[in-house]
Structures are given as structure tokens and as C-alpha cells.
2 protein chains.
Amino acid sequence: MAKNAKFNREQVVEKAKDLYWEKGFHATSMRNLQDVIDMRPGSIYATFGSKEGLFKEALASYTQAGIEQLAQSRAETSSPIEALKAFMKRMIIEQRACAPSPLCMLAKTVAELTDEQQELLQAAKDSLKAMEHEFEKLIIEAQALGDVSTDKDAKKLARHIQIQVSGLRTYSRTCDGDAPLAEMIDDIFNHYPF
Amino acid sequence: MAKNAKFNREQVVEKAKDLYWEKGFHATSMRNLQDVIDMRPGSIYATFGSKEGLFKEALASYTQAGIEQLAQSRAETSSPIEALKAFMKRMIIEQRACAPSPLCMLAKTVAELTDEQQELLQAAKDSLKAMEHEFEKLIIEAQALGDVSTDKDAKKLARHIQIQVSGLRTYSRTCDGDAPLAEMIDDIFNHYPF
DNA sequence: TTTTATCTTGAACGATCGTTCAAAGCTAGT
DNA sequence: ACTAGCTTTGAACGATCGTTCAAGATAAAA
């Protein structure tokens with residue numbers, strides 16, 4: 001009866017994500033996207049509805065990848081705290097050079113967008129909260145294993161991680177030379193509030 | 001012989017700064033600016049050269065205001081550390097509600113811009129470094145007064161402040177309800193590395 | 001093979017972008 | 001009052017924006 005779509009939706013969203021991540025929502029034009037994902041406007045609009053629709057899927061893809069990378073860090077390490085450390089080093093040090101932007105796409109989005117794109121803004125906020133919740137789960141696991149005192153509030157510690165990640169990624173963008181980022185990440189877990 | 005410009009350059013830059021700060025570089029159109037600063041395109045281009053030229057002056061105005069607010073905090077407090085605390089509370093808590101954006105305009109700019117606007121990007125980076133240097137001067141004063149151990153590296157402490165400000169301002173944007181921001185700011189100075 | 005339902009294409013739309021410039025307006029010096 | 005020299009004005013430019021849609025291409029059902 002019909003013809004199936006020939007593009008791979010996941011791959012397309014992945015490529016769109018990278019471009020949006022690099023340039024931000026407003027500086028990315030639909031024509032930039034057409035080139036990168038190799039689709040014509042009609043197909044893009046039939047599939048994603050609008051520039052905002054595609055951005056929303058890109059955000060979701062970014063968030064899912066982040067959660068998976070945290071899980072992978074956990075799988076590769078012997079303790080939840082080491083997993084958090086490894087994850088932070090990946091986000092802050094490795095991605096500094098090789099990712100589309102050294103900054104978190106979610107943080108960039110909440111920085112860039114206003115109420116004019118309220119839905120996208122809310123999606124980015126929700127994703128940041130979701131990441132924070134993943135941090136919290138690892139901290140609770142660390143408490144269960146005795147690596148972190150159960151006197152401490154896992155929510156507060158997770159929030160602290162979130163703040164340090166945002167701060168360090170922004171900072172890493174400002175200093176051209178290499179700041180001692182690895183050392184600073186280790187320090188986070190060696191001192192208050194840990 | 002000639003006619004003098006009738007607009008007040010400082011006031012104009014101030015208004016442009018607020019709009020750029022709120023919406024970011026790309027989402028702010030020249031027509032938005034025309035309305036806000038009440039100038040016609042010809043006058044704007046004769047005075048500032050381009051959208052980028054006006055943005056550059058807005059960045060400089062923002063930075064100057066920040067340095068002055070830090071100095072004012074110092075004048076209003078009895079110690080340099082109290083001044084830093086007061087400044088952070090102003091930036092993070094007060095401006096959260098009343099400023100054009102809860103985020104630092106400089107941090108927003110380094111997050112948004114790419115090499116396509118290399119000059120503006122560099123100006124924002126330089127301004128962030130300048131603010132960090134102002135923090136350092138206050139910390140050195142605190143060391144001279146015996147409020148901070150001279151064993152500690154003032155540069156590292158200043159960098160720590162910078163990272164906490166970025167992290168907290170980004171975080172304050174994501175949580176709609178009020179996080180205990182004041183408490184977190186106090187904590188910064190009560191624990192490592194202070 | 002023909003039909004039919006879907007997907008793809010790319011020219012084109014109106015809106016808006018950053019910017020220019022000739023004309024008009026204004027003020028200080030004569 | 002007149003002129004010279006600057007400022008201000010706003011219509012207009014070409015480029016690009018996000019988006020639409022009629023026409024062509026394709027593959028499964030008949």
C-alpha cells in the first residue's frame with residue numbers, strides 16, 4: 001500500500017542534537033539542519049512538525065544519552081562515588097575537546113531560552129532535574145554501601161554535584177589554557193559536603 | 001557649526017545591555033533594540049557601527065557595573081569576605097527576580113556564542129577573568145587582615161568563587177521554587193577551600 | 001501491471017533579518 | 001538670516017528566516 005520512510009530517525013535526531021548543541025537554538029537555522037541531517041524541508045516538517053519539535057527530540061536524545069553514560073560509568077567502576085567522579089571527568093574534561101560544545105546542552109538551553117519558547121525551556125529544566133535525580137540515586141547507593149554517611153541528605157549532595165558540574169563546565173569554557181579540572185573534581189568528593 | 005548628538009550614550013548602552021542580557025545576542029533583533037533605545041537604524045549604525053559593536057559596549061557596561069557593585073559591597077561591609085558574600089547574594093538571589101535574566105550576562109554570552117563572533121566571545125571571556133581578578137584582590141585583602149590563611153592560594157579561592165557563582169546562578173534558573181540559596185552561599189565560606 | 005497510499009522533493013511564500021543611504025532637520029558660526 | 005557641518009530619519013535593500021504545498025517518486029496491495 002505505502003512507502004516507508006527511508007531515513008533513520010535516531011541518526012537524524014542525533015545529528016540535529018549535535019548541531020543544536022553546538023550553535024544553540026536561535027543560531028541554528030533550518031537550512032543548517034537540512035544540510036546536516038540530509039533531509040528536505042517537507043520531510044523534516046512532516047516528521048518533526050517544526051524547528052521546536054526537532055529541538056525537543058534533540059533534547060530528549062541528549063538527556064537519554066547522559067543517563068546512559070552515567071549508567072555506563074557505574075558499570076565500569078567499583079563504587080557509585082567513583083562512578084560520579086568518572087562521569088564528571090567525562091563531561092567536563094573529555095567533552096571539553098571533542099563534544100559540540102564544552103557546556104551541557106541543557107544548561108545552554110535554560111540559559112538561552114525565554115518564555116517565548118516556554119515548552120522547550122520547561123523540557124530542559126525537567127531534564128536537568130532528571131539528571132540530578134540520577135545523581136541522587138547513586139548517592140543513596142553509596143550510603144547503602146557505607147561510602148557516604150547516612151546522616152547526609154542525598155538530595156543536597158546531588159544538588160551540590162549538579163552545581164559543581166554547571167560551574168566547572170562554564171569555567172572550562174573561559175580559560176583557554178587547562179585549569180586543573182581533574183584535581184578540582186577529585187576535591188569535590190574529598191571535602192564538604194561529602 | 002554643527003549639531004551635537006541628542007541621545008545620552010550611557011543611557012542607550014544601558015538599555016541595550018538589558019535587552020541583550022535578557023534575550024541573548026542572536027534572539028535580540030536590531031528592531032527590538034530600536035524600540036528599546038528609541039533610535040533609528042541610521043543613528044545606531046553611525047554611533048555603534050553594527051549589532052556586534054553595540055553588544056560589545058553593552059558587555060563593557062555590564063562588566064563595569066559588576067565591578068562597581070563589588071566595590072559597593074565592600075564599602076557597605078566590614079570585611080572583604082563579607083563583601084564577597086553580600087555580592088554573591090545580590091547577584092544570585094536579588095537579581096534572580098529583578099534582573100533581565102537570573103544568569104550572568106557574561107556566562108550567557110560565552111555559552112551562546114561560537115567562533116563566528118570570536119571578538120565578542122573573547123571580550124566576554126576577558127570580562128569574566130577581570131571579575132575573577134576582583135575576587136582575588138578581595139581575598140588578598142582578607143589574608144592581609146588575617147581573615148583568610150596566607151597558606152591558601154588567593155587565585156584558587158577566587159576561581160572557586162567564580163565557579164560557585166556560575167553554578168548557583170544556573171541552578172537557580174532550573175528550580176522554580178526557592179532553593180536555600182542564601183544558606184548555600186554562606187556555606188561556601190564556612191568550608192573548604194576557605 | 002495497475003492502483004493506491006505514502007514519502008520525498010525543492011521552488012516558493014511572506015516575514016523578518018542586519019544594514020545602507022539619500023533626504024530632511026537642526027544648531028553653531030558668520 | 002544665512003550657511004556649513006553635523007545628526008536624524010525611515011524607506012528600502014538583498015539575504016535569510018521558518019514554513020508550506022503541489023508535483024514527482026516509490027513501494028506495497030490488488
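Below, chain A is the first sequence line, B the second, and so on; all start at residue 1.
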**Item:** Residue mapping more 5' on DNA chain C - nearest nucleotide basis, Arg31(A) or Ile44(A)
**Value:** Ile44(A)
**Prompt:** Quick one: does Thr47(A)'s side chain get under 4.5 Å of Met39(A)'s, heavy atoms only?
**Reply:** yes
**Prompt:** Please walk me through it: do Phe189(A) and Phe194(A) pass ring-ring contact (aromatic ring centres under 6.0 Å, His included)?
**Reply:** CA-CA 6 Å; Phe189(A) 297 95; Phe194(A) 279 90; 5.0 Å; yes
**Request:** Side chain of Ser50(B) only, please: which of dT8(C), dT8(D), dT19(C) is the nearest?
**Result:** dT19(C)
**Asked** How is Thr28(A) classified with respect to the nucleic acid when contacts are heavy atoms under 4.0 Å: base, sugar-phosphate, or nothing?
**Response** sugar-phosphate
**Length of the line joining Glu52(B):CD and dC17(C):P, which is rounded to integer Å** = 17 Å
**Request:** Grab the CZ-P distance between Phe7(B) and dT9(D) for me, whole Å please.
**Result:** 10 Å
**Request:** Grab the OH-P distance between Tyr45(B) and dT9(D) for me, whole Å please.
**Result:** 16 Å
**Prompt:** At under 4.0 Å between heavy atoms, what does Phe48(B) touch on the DNA or RNA strands: base, sugar-phosphate, or nothing?
**Reply:** nothing
**Asked** Rounding to a whole Å, what distance do you find between His26(B):NE2 and dG18(D):C1'?
**Response** 16 Å
**Prompt:** In terms of side-chain heavy atoms of Arg40(B), which of dT8(D), dG10(D), dT19(D) is nearest?
**Reply:** dG10(D)
**Asked** Can Ser127(A) and Thr63(A) be said to form a side chain to side chain donor-acceptor pair (under 3.5 Å), step by step?
**Response** CA-CA 6 Å; Ser127(A) 286; Thr63(A) 306; 2.9 Å; yes
**Asked** Nearest of dT20(C), dT8(C), dG18(C) to any side-chain atom of Ser43(A)?
**Response** dT8(C)
**Item:** Nearest-Å distance for atom pair CG/C1', residues Asn32(A) and dA15(D)
**Value:** 14 Å
**Complete:** Of Leu33(B), Thr28(B), Thr109(B), the one forming a side-chain contact (heavy atoms from CB on, under 4.5 Å) with Phe55(B) is Thr109(B)
**Fill in**
Here the distance between atom P of dT26(D) and atom NZ of Lys6(A), to the nearest Å, is 8 Å
**Prompt:** Do the side-chain N or O atoms of Ser29(A) get closer than 4.0 angstrom to the phosphate oxygens (OP1, OP2) of dT16(D)?
**Reply:** no
**Asked** Ile37(A) has an atom CD1; how far is it from atom P of dG18(D), in whole Å?
**Response** 13 Å
**Message:** Nearest whole Å is fine: how far is dG10(C) P from Leu33(A) CG?
**Reply:** 18 Å
**Fill in**
Considering only heavy side-chain atoms of Lys51(B), the closest of dG18(C), dT19(D), dT9(C) is dG18(C)
**Prompt:** Between Lys89(A) and Asp186(A), does at least one N-O distance fall below 4.0 Å, as a salt bridge requires?
**Reply:** yes
